[in-house]
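As structure tokens, the structure follows; a few thoughts come after it.
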There are 2 protein chains.
Amino acid sequence: MATGRTHRPATRSRGIPEATVARLPLYLRALTALSERSVPTVSSEELAAAAGVNSAKLRKDFSYLGSYGTRGVGYDVEYLVYQISRELGLTQDWPIVMVGIGNLGAALANYGGFASRGFRVAALIDADPSMVGKPVAGIPVQYIDDLERIIEENGVSIGVIATPAGAAQQVCDRLVAAGVSSILNFAPTVLSVPDGVDVRKVDLSIELQILAFHEQRKAGEDGAVGEAGLPSAAAVRAAAPATAPAATAGRKGPDGDVPAVMPA
Amino acid sequence: MATGRTHRPATRSRGIPEATVARLPLYLRALTALSERSVPTVSSEELAAAAGVNSAKLRKDFSYLGSYGTRGVGYDVEYLVYQISRELGLTQDWPIVMVGIGNLGAALANYGGFASRGFRVAALIDADPSMVGKPVAGIPVQYIDDLERIIEENGVSIGVIATPAGAAQQVCDRLVAAGVSSILNFAPTVLSVPDGVDVRKVDLSIELQILAFHEQRKAGEDGAVGEAGLPSAAAVRAAAPATAPAATAGRKGPDGDVPAVMPA
DNA sequence: GGATGTGAATCTATTCACAGCC
DNA sequence: GGCTGTGAATAGATTCACATCC
């Protein structure tokens, strides 16, 4: 789900597969929970269950980091927490800026999980002058004109974009020009960035659409919902309107004369 | 990034690869934009650029849906919009419930992108009695006790969880028991669900951690940031503190005696 | 005995490159 | 000539199964 231009595995990085990297935070969270309960060691089986993956995958993932377990015993929780934190770069402090302090931006700023792991909200930035100075999550909002200065002064290399779609690319360009090289984009837009800049995107509407796809499948298969599939009340209900293709229902755009042809 | 139990491709579904499904919403968005500008046809090259993928991938993706293009010409925009909408199940209306109307939940409820494509917020639900009745995004919040009734009455099969982590599994269980079979989870927790239920998760902190991993790599590689990599100001700055591993900085949990060993 | 670590096998996804059609 | 559609080739991720070590 990472977007942006390809992001080369950096010349000869000790190539940890992207899929593995994406799971490390999951392991870390599970390990942190164990650590807080003072659990000293954990097996791949247990940890995998806590992280919601299977144990073979977890062991393979860890094998890319090195041999941090003990055969016949398992993994030392504290040790692994540290190793994964270090691998992810969380042993250092990452100042971030968030641009676009509307509903979503404000919610994100208030979201504790942000600050909890090495990330520090260095500044909140908005283009609306009436927002400027207002504290959100205890941090006063600053004006967009100061973006470059703020990034420079705080040594920010990670930016979060929570602006409306229309403003996102422009904000992105300014962030990149000012030295930001990793961007988390909440605006429903494809950002184009130069090589060397990473973009990840989070898109609520896309996630829902993917769910709808599978949901439709479940309903469409009627009785035959794979195996052990719930013929859930909701699925059965959903099956009904499946024959009423009101072409692009609910979209605002032009949807008048849409062809109603069968698929190949 | 889909989680939850495996979700079998449903017996003999006209197997569209998961990776393709995940890109369909992207194509749809790009196409909708073209449609609004009344662009009649588009080539794979152009559309791919707009969606941020390469054209070979796009053509392959479309080939799973059928042959909807015209050689030498391209794709008919309106036609494709309809075909993809239908494939994703967006030609029907999906009532959703959102549970947990805190900062994030309220922001999501207000987020236009939700309602814009076949999704309709049927109800907002919270466990805080003082929230009940308050309108959020024009919809009065309802009490958690009514969850089952609300789902039943509205024929809801998709639920959004935006509660604190501690409450998420419990809410999830109730949603599933009431007939919901697709869940979008914003709580930073692994949800366990029975077979046949799909869970997708969106985790802000995980996305940042993945960015931090790559960011660290860029900084660590010093001059050799792959090729064409910006030796950006921020990257150079970030390189400095890389030698100060203050073990799990900023974490709230126990982080006293963390081993400081080199990796294998 | 018990659990890790890892080659080999499998499955999935991406990319290539070109035949086929407009 | 231009662009789609798709087999074949390649790359990447997951799973299997077992040798290895505590």
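Just so it is clear: chains get the letters A, B, ... in the order the sequence lines come, proteins before strands, and each one is counted from 1.
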Quiz item: Under a 4.5 Å cut-off applied to non-hydrogen side-chain atoms, are B:V176 and B:I183 in contact?
Solution: yes

Quiz item: Considering only heavy atoms from C-beta outward, does the side chain of A:R217 approach that of B:D198 to under 4.5 Å?
Solution: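 No. Closest side-chain heavy atoms not under 4.5 Å.
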
Closer than 4.0 Å, any side-chain N/O of [X] to the OP1 or OP2 of [N]?
X	N	answer
A:S44	C:dT4	yes
B:R59	C:dG20	no
A:N54	D:dT15	yes

Quiz item: What bend angle does the helix from C:dG1-D:dC22 to C:dC22-D:dG1 show across its length, from five-pair end axes and to the nearest 10 degrees?
Solution: 0°

Quiz item: Does the separation of the ring centres of A:F62 and A:Y68 fall below 6.0 angstrom?
Solution: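 No, too far apart.
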
Quiz item: What nucleotide, of C:dT15, D:dT14, C:dC22, holds the atom closest to the side chain of B:R71?
Solution: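 The answer is C:dC22, which lies nearest to the side chain.
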
Quiz item: Of all the nucleotides listed (D:dT14, D:dT4, D:dT6), which has the minimum atom distance to the side chain of B:S43?
Solution: D:dT4

Practice problem: Considering non-hydrogen atoms only, spot the tightest contact between A:V190 and B:A51 and give its length. | Solution: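 Smallest heavy-atom distance, with atoms named: CG2-O, 3.5 Å.
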
Quiz item: B:Y75 near the nucleic acid: base, sugar-phosphate alone, or nothing, with a heavy-atom cut-off under 4.0 Å?
Solution: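 Here B:Y75 touches the backbone only, sparing every base.
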
Rounded distance in Å - [atom1] ([X]) to [atom2] ([N]):
X	N	atom1	atom2	value
B:L65	D:dT6	CG	P	11 Å
B:Q83	D:dG5	CD	C1'	16 Å
A:E45	D:dT15	CD	C1'	13 Å
B:K60	D:dT10	NZ	P	15 Å
A:K57	C:dG7	NZ	C1'	19 Å
B:E18	D:dG12	CD	P	21 Å
A:D61	D:dT15	CG	P	11 Å
A:L24	D:dA13	CG	P	13 Å

Self-check item: Residue mapping more 5' on DNA chain D - nearest nucleotide basis, A:A19 or B:A56
Solution: B:A56

Practice problem: Check the side chains of A:E36 and A:T32 for a donor-acceptor pair under 3.5 angstrom, ignoring hydrogens and angles. | Solution: no

Quiz item: Taking only residues two or more places apart in sequence or in another chain, which ones pass side chain to side chain contact (heavy atoms under 4.5 Å, CB included) with B:S55?
Solution: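 Partners of B:S55 under the side chain to side chain contact (heavy atoms under 4.5 Å, CB included) test: B:S44, B:E45, B:A48, B:R59.
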
Quiz item: Who passes side chain to side chain contact (heavy atoms under 4.5 Å, CB included) against A:A33, sequence neighbours left out?
Solution: none

Quiz prompt | Residue met sooner reading DNA chain C from 5', once B:P17 and B:V73 are mapped to nucleotides | solution =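 That would be B:P17.
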
